[in-house]
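Quick caveat, the model's predicted, so the values are computed rather than measured. When a ligand or atom number is given, it counts from 1 through the structure's own listing order.
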Amino acid sequence: MVEIKTDPALDAMRQAGRVVAHALAAVQQAAAVGVRLLELDEVARAVLAEAGARSPFLGYRPSFAPTPFPAVICTSVNDAVVHGIPDGYRLRDGDLLSVDCGAELDGWTGDAAVSFTLGTPRPADLALIAATRAALDAGIAAALVGNRVGDISHAVGKVAHAARCGMPTDFGGHGIGRRMHEDPGVPNRGRPGHGYRLRHGLVLAIEPMLLAGGRDDYHTAADGWTLRTTDGSRAAHIEHTVAITDEGPRILTLP
Ligand code: MG
Ligand code: MG
């Protein structure tokens with residue numbers, strides 16, 4: 001069931017989204033060659049605690065997961081696409097890191113992700129990140145009253161296709177509100193003019209995941225969570241929580 005949010009609810013979700021943005025900014029600032037992924041989780045935990053926010057990631061256990069998620073961020077390095085678990089891995093020069101974070105504040109949830117490089121970047125990684133950002137921007141630009149979910153999906157998929165990137169077909173964006181994952185689903189490919197009609201008060205997490213190798217294939221790692229590209233190519237993942245409004249798309253997970 002799709003829940004359309006009231007204007008006060010959108011404002012409350014903006015506050016939750018701001019906490020997510022601050023946590024991601026703090027993580028990106030702390031991330032450096034030699035830093036352990038677990039240290040980045042500590043940074044995000046501190047930001048959430050300071051804001052009085054709860055983590056919708058910590059203890060989360062969707063149907064596909066063998067264990068509750070043990071952290072407040074996902075840290076996906078290089079060929080990891082999404083859902084990487086922060087561990088003792090120390091970041092290395094040239095790594096590509098995607099960080100996903102959620103926050104629940106006063107009963108409302110925000111969800112966003114960033115991708116960036118450590119140390120000296122590979123040019124191909126910068127291009128992959130730029131394409132992922134462009135796919136997200138195209139999706140947000142299509143998040144207009146009167147459009148349909150398929151218009152967002154199509155806009156995202158078109159950019160990924162033009163960049164010759166693959167995407168995991170089973171994972172994508174979603175409605176969001178009191179819970180992190182609500183209806184409708186927002187696939188990263190779709191047919192324009194199809195799907196749920198967008199209206200004022202609908203809030204969606206839009207989250208392209210681009211695979212540099214150009215194939216859609218991924219597998220789940222032994223931890224039961226991390227999705228990795230099957231061809232070993234690198235992946236990027238960027239996400240915002242976006243409200244559809246009569247005034248145009250409102251990004252709720254900006255600082
Ligand atoms: Mg997310
Ligand atoms: Mg999400």
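- Ring centroids of H83 and F171 are separated by less than 6.0 Å, placing the two rings close together.
- The name of the N, O or S atom in D100 nearest to the Mg ion (ligand 1) is OD1.
- Ionic pairing of K5 and E182 is present here: one or more N-O contacts between side-chain nitrogen and carboxylate oxygen are shorter than 4.0 angstrom.
- There is no path of hydrophobic side-chain contacts, each under 4.5 Å, that joins M13 to L48.
- Taking backbone and side chain together, E239 holds an N, O or S atom under 2.8 Å from the Mg ion (ligand 1).
- With respect to the salt-bridge test (charged N to carboxylate O, under 4.0 angstrom), the residues D216 and R189 qualify.
- Looking at D111, its N, O or S atom nearest to the Mg ion (ligand 1) turns out to be OD1.
- Salt bridge R250/D11: present, at least one basic N to carboxylate O contact under 4.0 Å.
- Within E207, the N, O or S atom lying nearest to the Mg ion (ligand 2) carries the name OE2.
- Atom NE2 is the N, O or S atom of H174 at the shortest distance from the Mg ion (ligand 2).
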